[in-house]
Amino acid sequence: MHTTKFQDICYKTLQISVPSGRVISYKNLAILTGNPKASRAVGNAMNKNPFAPDVPCHRVVKSDGSIGGFASSIEKKIQLLREEGIEIDGDRKIKNFEKLLISP
DNA sequence: CTATTGACGACAT
DNA sequence: CATGTCGCCAATA
């Protein structure tokens with residue numbers, strides 16, 4: 001599978017920085033990779049993630065605490081998060097977001 | 001090289 | 001609180 005340098009950094013950083021039961025925002029992940037303004041590009045990288053589910057792209061969510069997107073179905077992403085103990089409201093907002101979020 | 005796209009974010013309406 | 005607009009960036013056509 002071909003991966004770009006940027007993607008590799010995203011996948012690697014995500015893997016070593018976000019354990020099960022925690023989440024990180026596209027923005028914070030962008031910051032950790034050294035590209036503070038590439039949150040959108042990070043989302044694109046997650047979308048193409050060739051190492052799923054080794055690379056936990058389902059733990060990457062929006063900075064406002066909502067879920068964000070997912071390559072397959074959004075429900076699948078919610079399911080995976082719940083399996084890790086993360087609670088989500090009916091309006092698809094993560095509970096205790098501030099406490100579960102990995103900050104740079 | 002330019003144009004378009006999209007799992008985003010901040011701010012205004 | 002819900003939408004719209006604008007800015008940003010890497011990948012791809």
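Letters go in sequence order (proteins before strands), and every chain restarts at 1.
- Residue-level contact check: A:Phe6 touches the backbone only, with heavy atoms under 4.0 Å from sugar-phosphate atoms and none from bases.
- Going from atom CG of A:Leu32 over to atom C1' of B:dC8 covers 16 Å, rounded to whole Å.
- A donor-acceptor contact shorter than 3.5 Å is absent between the side chain of A:Thr13 and the backbone of A:Cys10.
- A donor-acceptor contact shorter than 3.5 Å is absent between the side chain of A:Asn47 and the backbone of A:Phe70.
- Formation of a donor-acceptor pair under 3.5 Å by the A:Asp64 side chain with backbone atoms of A:Ser66 is found in this model.
- Mapping heavy-atom proximity under 4.0 Å, the span of DNA chain C touched by chain A runs 5' to 3' from C:dG7 to C:dT12.
- Here the rule is side-chain contact (heavy atoms from CB on, under 4.5 Å) with A:Ile94, and of A:Val61, A:Leu101, A:Ile78, A:Asp89 only A:Val61 fits it.
- The main-chain N or O of A:Val60 is found under 3.5 Å from a side-chain atom of A:Lys77 such that the two form a donor-acceptor pair.
- Of the residues in residues 56-84 of chain A, A:Cys57, A:Lys62, A:Ser63, A:Gly69, A:Phe70, A:Ala71, A:Lys77 come within less than 4.0 Å of DNA chain B through at least one heavy atom, sorted by number.
- Of the possible polar contacts, one joining the A:Arg59 side chain to the A:Val18 backbone as a donor-acceptor pair under 3.5 Å is found.
- Regarding contacts with the backbone of B:dA10, a side-chain N or O of A:Lys27 is found under 4.0 angstrom from either OP1 or OP2.
- Looking at A:Asn49, its side chain does come within 3.5 Å of a backbone N or O of A:Val55 through a donor-acceptor pair.
- Spacing between atom CG of A:Asn47 and atom P of B:dT5 amounts to 15 Å, rounded to whole angstrom units.
- The pair A:Glu84-A:Arg22 does not meet the salt-bridge criterion, since no charged nitrogen lies less than 4.0 angstrom from a carboxylate oxygen.
- We find that CZ of A:Phe97 is positioned 8 Å from P of B:dG9, with the value rounded to whole Å.
- Nucleotide B:dA7 holds its P atom 20 Å from the CD1 atom of A:Ile24, rounded to whole Å.
- In this structure, A:Gln7 places its CD atom 13 Å from C1' of B:dA7, rounding to the nearest Å.
- In terms of the side chain to side chain contact (heavy atoms under 4.5 Å, CB included) criterion, residue partners of A:Glu87 (sequence neighbours excluded) are, by chain and number, A:Lys95.
- Rounding to whole angstrom units, NZ of residue A:Lys37 and P of B:dG9 are separated by 15 Å.
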